[in-house]
Number of protein chains: 2
Amino acid sequence: MRLADSFRSERFGAVRIHELQRVIELDSGAGDHAGLLPVSSAGSRVVPPEALRAVENEMVIVVPCMNETRSVIEGVLSGVPHDCLIVLVSNSDRLPVDRYEIEAQTVEQFCRLAGRSAVTVHQKDPGLAAAFKAAGMAELIADDGLVRNGKGEAMLIGMALAAMTGRKYLGYVDADNYVPGAVHEYCKAYAAGLHLANSPFSMVRISWHSKPKLKDGRLFFSRKGRSSAITNDWLNRFLAEYSGFGTEVIATGNAGEHAMSMELGLKLRLAGGFAVEPFEYMDLFEQFGGLLENPNPDVMAASVPVLQIETRNPHFHDNKGEEHVQGMRMQALNVLYHSAVTLPSVRQAIIEFMVAQGALETGQEPPRERVYPPVGTLALDLLYDALDAEAQSFREFDGRSMAGLPQAPPIERGRIPGMEAPRAA
Amino acid sequence: MRLADSFRSERFGAVRIHELQRVIELDSGAGDHAGLLPVSSAGSRVVPPEALRAVENEMVIVVPCMNETRSVIEGVLSGVPHDCLIVLVSNSDRLPVDRYEIEAQTVEQFCRLAGRSAVTVHQKDPGLAAAFKAAGMAELIADDGLVRNGKGEAMLIGMALAAMTGRKYLGYVDADNYVPGAVHEYCKAYAAGLHLANSPFSMVRISWHSKPKLKDGRLFFSRKGRSSAITNDWLNRFLAEYSGFGTEVIATGNAGEHAMSMELGLKLRLAGGFAVEPFEYMDLFEQFGGLLENPNPDVMAASVPVLQIETRNPHFHDNKGEEHVQGMRMQALNVLYHSAVTLPSVRQAIIEFMVAQGALETGQEPPRERVYPPVGTLALDLLYDALDAEAQSFREFDGRSMAGLPQAPPIERGRIPGMEAPRAA
């Protein structure tokens, strides 16, 4: 993969946000750049196949899924590079038809055909709730005793499962994607970005090239998402208020497609619902911005690069409607408003904006979004044992052993991080 | 890339048409299948990256282009694997705005950024017409002294330019494609298929997974093209009439996306306009079906595999309207009707069908489509010299030398096939 160089970045404490980089070539060849060093030429940079492969071998792709059709899921799976491990977290309807069973079968069949490994689980499985309780995160459980609904919650579950595999990287790909080639490009961009970031604490966030929409009966390729533009504007305003310089550096505030090193992921606090993606930025600023007490010394010394990559493919998915978008937009503002590092002037402006949008009554405060403790605080061994014993929807597929090849179980109990070592907190 | 196995094939003389094979994984990893041998497991077959690369290194991708926007062209270019050489043949408007100049600039800029080589030419360049005349194909020239309009004509020009590079393979990718990842998948499928075909005379034809269409204000993923279904039905009927067994083996009669070994390409006669794609099948049957006199003994001994691959990505392009489709459909029937190997019963049925469709008056014959001599009969050295001297739109971009790297001219005069050897008729 060849990426345009990123010439500028904005620092916020240890966090270094790089300007958006375009993908120039999906496949930049093996050619004359042997070895693992990126090859740089006029304004662009090649990440050769071996370097991509090295990251993919250590990457888990988490696919949050809700009521997608079999053929769409099959397409998404086909786009995830072979060496990545797939984790599907479903919150699909189980009645009147058990859509999760269909999804799990789809994943199993794909694993069998492709000789791959995968894990699937259903978000509302009582055994999953019990496992998270046992592992030390009762916050995830609602009054009905089940894991809460929400995309952030699905992503947290996925991260915990990914952490159990002992792999080093984690990427998210939404299941509602009609273009397998886009999924493929996201994963390659994750690998390229994580390779270039060259830090144990790194994040890669995707900005899609365009989004096809129906407008007056014809297709129109929109460059910006409705919700993204507003979220990005406010995140940039947050930065500008500190630096005194206007900036447009953040282009991926709502990026559903993003990846990170597991070491960073385990430290992040994830927010619930659609607040999850913008809150990642806020949590980076809170934890690694150097403004609050008790910064993490390892991370502060290493720096936290955030690479933003503009992919080539259009982001072509189902239209979830205006309500969904308005919800996303306001959840982003809620987390920004309530962050301990947001300056008062920005908080005041957020209130005015929300009132003007009709999203807030005058004199009220924006609601707080739910924020969970880091996945790194979970006792992963207890999580695995409880899942294994109680979660009926928890499936581990080993497509290599199905094909008569040597076993390659997606999770090996003995290799779960922290299994040997004394448990933290 | 991992492809489902093709279990069945239909033979017609030396031509062996393989049943449609699905793409299972876009990227099947490097994993444990080192070397160039395809790895087969339960029902599927992996073509490893080195094998794909070996074909791409020898492949020219020809992009016929007419009035596409800069950003669509850029996207298509970004999807063509680095090691392939790009040939863009344009028939875009040059007035009031010179769209070809914009296209050529787009290609040049891409070559510069990506360190790649490419060739571009405009179909209506008087110098191009003069060059084809000099090289021995006056048939391509219309009364106005310029090369005729038509997609087949653009493909023929592209094939001739590709042949001059001395590369071994040739693939076509239409410029009107909104999904760079689909272009990428087509090229990978070409490479995988040509590798698996393992014959000096081989062809790979693409059947796209689905085609998004607007229907009642929402998107609908259609599995079959309007024109393709009819073309395929008639080609299969052609085969069935010989074998006595009904068949659905041909799924790619109108495949715009297809590739072939140059050795096969140079022997094929191409038809004009939209007849070009279905006529390739008919020409294979005529030349290598063993029914007519004077079969080519080399080819007859080697066999001519035709692989058909169903890609994962949707084929997402501009809607050219109903007239275009009706035209394509009828041009396919015209070539089938007039082929010397089509049995009388099929010819009669074609007439009845066309009359019923309102495409033919009772008692008339379908019109003949234009068919050109094989590109292999051209004097490529004369073609190159005339292009170089007279065709003002003829551009050769060497992105490596632009980037200060060692030169990699797309065409090297001394390596043009037939340049040394005495010219064939």
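All chains are named by letter (A, B, ...) in the order of the sequence lines, taking the proteins before the strands, and each is independently numbered beginning at 1. This structure is a prediction, so every number in the text was calculated from the model and none was measured.
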>> Is there a ring pair (Phe, Tyr, Trp, His ring centres under 6.0 Å) between A:Tyr190 and A:Tyr169? Walk through the geometry before answering.
In response: CA-CA 9 Å; A:Tyr190 296 163; A:Tyr169 303 104; over 10 Å; no

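With sequence neighbours excluded, the residues that form a side chain to side chain contact (heavy atoms under 4.5 Å, CB included) with A:Asp174 are A:Pro64, A:Lys151, A:Asp176, A:Glu257. The salt bridge (Lys or Arg N to Asp or Glu O under 4.0 Å) check on A:Arg99 picks up nothing, with sequence neighbours excluded.
The part of B:Glu56 that comes within reach of chain A is its side chain, from C-beta onward, which places non-hydrogen atoms under 4.5 angstrom from that chain. Heavy-atom distances place no part of B:Glu185 under 4.5 Å from chain A, backbone and side chain included.
Between chain A and the residues B:Asn57, B:Leu77, B:Ile24, the largest count of heavy-atom pairs under 4.5 Å involves B:Ile24.
Each of A:Val173, A:Val63, A:Ile61 was checked for a side chain to side chain contact (heavy atoms under 4.5 Å, CB included) with A:Val183, and the lone residue meeting it is A:Val173.
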